[in-house]
Amino acid sequence: MQLTGIFVYPVKSLGGFGVTTRAVDSLGLADDRRFMVVDADGRAVTQRNVPRMALVSTEINSTTLELSAPGAGSIEVSRSSVSPSATARRVSVWRSEGLVADDCGDEPASWLGNFLQVSCRLVQIGRQFDRPVLDPRALPTDRVSFADAHPFLVISEASLADLNARLVNQDKAALPMNRFRPNLVVSGCAAFAEDGWTRFKIGELIFRSAGPCSRCVITTTDQATAEVGKEPLRTLATYRRDAAEPTNVNFGMNLIHETKSGTLRVGDNVELL
């Protein structure tokens, strides 16, 4: 088995991009979900309620985040963590309440608000941020960024191929992997083999399973057009319901990285432990 895809999403629920190599730190992939759009109460704004977020592209380096969108041009955002004067803001992501993030200022808030047609702020992880992984499988030292709940999501190419075969058999269009917004994509295994991986290595980094990923309406949003449909949830519901939680439809596995520092590379071997 091999790692065939690495994907980074600098801003939660905005566009991401693929890379061939990426450093890993205590929160996950470097630069992954280190920014987040929030409402007036500091709660995460996502594609679940604002599908237009899919249309905002991102680029990031050590000093700036660049956002761009059709008809809106682009804007560069200074990474506020380099400034001790950044305004602290209390934010929340699902069950994680009262997190301390750095506000990125009025200009990116206005740019995003105008394009997304919602009142919002852009925040980023700063020096005061600390978010434990709220999962019984987590250790006290496990931390996560603004991702929903876990540092990594893995999906196999075979799992997507299985789903697409079912869609095509219904005269429906096959879907790209970006509908599921994984961090890691692997090849060389059977469909849904990742369901059974409890602990494994990719290259020199060790991961352990944090359980299946229950999929939401974001998977029905075309990441290129922001149009919302019925698939893949309608088809997945016919064969991927969680045995313990039948209202959940699973696709992909959440992961916690035991190795808190290192580098992942496309082509790395995947080895079960």
What verdict does the side-chain contact (heavy atoms from CB on, under 4.5 Å) test give for Ser156 and Phe192, after you've listed the backbone C-alpha separation in whole Å, the side-chain angles of each residue and the deciding distance to 0.1 Å? CA-CA 7 Å; Ser156 70; Phe192 306 110; over 6 Å; no
For the side chain of Thr4 and the backbone of Val185, is there at least one donor-acceptor N/O pair under 3.5 Å apart? yes
Please determine if Asp25 and Lys260 form a salt bridge, counting it only when a charged side-chain N lies under 4.0 Å from a carboxylate O. no
Does the pair Arg179 and Glu231 meet the rule for a salt bridge (charged side-chain N to carboxylate O under 4.0 Å, His left out), with working shown? CA-CA 10 Å; Arg179 283 292 187 98; Glu231 295 293 358; over 6 Å; no
Look at the side chain of Thr259 and the backbone N and O of Ser261, then say whether any donor-acceptor pair between them is shorter than 3.5 Å. no
For Lys201, give me all partners under side-chain contact (heavy atoms from CB on, under 4.5 Å), at least two apart in sequence or on another chain. Glu204, Ile206, Glu271, Leu273
Any donor-acceptor N/O pair, Arg95 side chain to Ser92 backbone, under 3.5 Å: no
Quick test of your reading of the model: are Arg79 and Asp31 salt-bridged, counting only N-O distances below 4.0 Å? yes
Considering only NZ, NE, NH1 and NH2 on the basic side and carboxylate oxygens on the acidic side, decide whether Asp148 and Arg33 come within less than 4.0 Å. no
In terms of heavy-atom contacts, does CD of Glu66 have more than 12 from other residues, nucleotides or ligands at under 6.0 Å? yes
Residues, nucleotides or ligands: over 12 heavy atoms within 6.0 Å of Gln128 CD: no
Gln170-Thr235 side chain donor-acceptor pair, cut-off 3.5 Å: yes
Intermediate values then yes/no, ring-ring contact (aromatic ring centres under 6.0 Å, His included), Phe7 and Phe180: CA-CA 11 Å; Phe7 296 93; Phe180 303 95; over 10 Å; no
Pair Asp195 + Arg240: basic N to acidic O under 4.0 Å: yes
Closer than 3.5 angstrom, by distance alone: can the side chain of Ser110 be matched with the main-chain N or O of Glu107 as a donor-acceptor pair? no
For Asn254 and Pro212, indicate whether the former's side chain and the latter's backbone hold a donor-acceptor pair under 3.5 Å. yes
Arg127/Asp102 salt bridge by N-O under 4.0 Å criterion: no
Closer than 4.0 angstrom, basic N to acidic O: yes or no for Asp32 and Arg22? no
Is there a donor-acceptor pair closer than 3.5 Å between any side-chain N or O of Ser187 and the backbone N or O of Glu157? no
Quick one: side-chain contact (heavy atoms from CB on, under 4.5 Å) partners of Asn269, sequence neighbours excluded? Gln2
Under the side-chain contact (heavy atoms from CB on, under 4.5 Å) rule, what do Lys12 and Met53 come out as? Steps first, then yes or no, please. CA-CA 9 Å; Lys12 182 179 181 65; Met53 296 179 79; over 6 Å; no
Kindly state whether the ring of Phe207 and the ring of Phe152 have centres lying under 6.0 angstrom apart. yes
side-chain contact (heavy atoms from CB on, under 4.5 Å) between Thr141 and Ser26, intermediate numbers included: CA-CA 9 Å; Thr141 54; Ser26 61; over 6 Å; no
Do Ser96 and Arg131 have a side chain donor and acceptor closer than 3.5 Å? yes
So, is the end of the Arg34 side chain (NZ or CZ) under 6.0 Å from the ring centre of Phe146 and within 45° of the ring's axis? no
I'd like to know if Asp41 and Arg90 make a salt bridge, using a cut-off of under 4.0 Å between side-chain N and carboxylate O. no
Going by distance alone, is a donor N or O of one side chain under 3.5 Å from an acceptor N or O of the other, for Ser159 and Asp162? no
So, the side chain of Thr198 versus the backbone of Arg208: is there a donor-acceptor pair under 3.5 Å, distance only? no
Connected via hydrophobic side-chain network under 4.5 Å: Ile75 and Val118: yes
Modelled atom types, side-chain donor and acceptor of Arg52 and Gln47, under 3.5 Å: no
State plainly whether the residues Arg43 and Glu97 are in salt-bridge range, i.e. N to O under 4.0 Å. yes
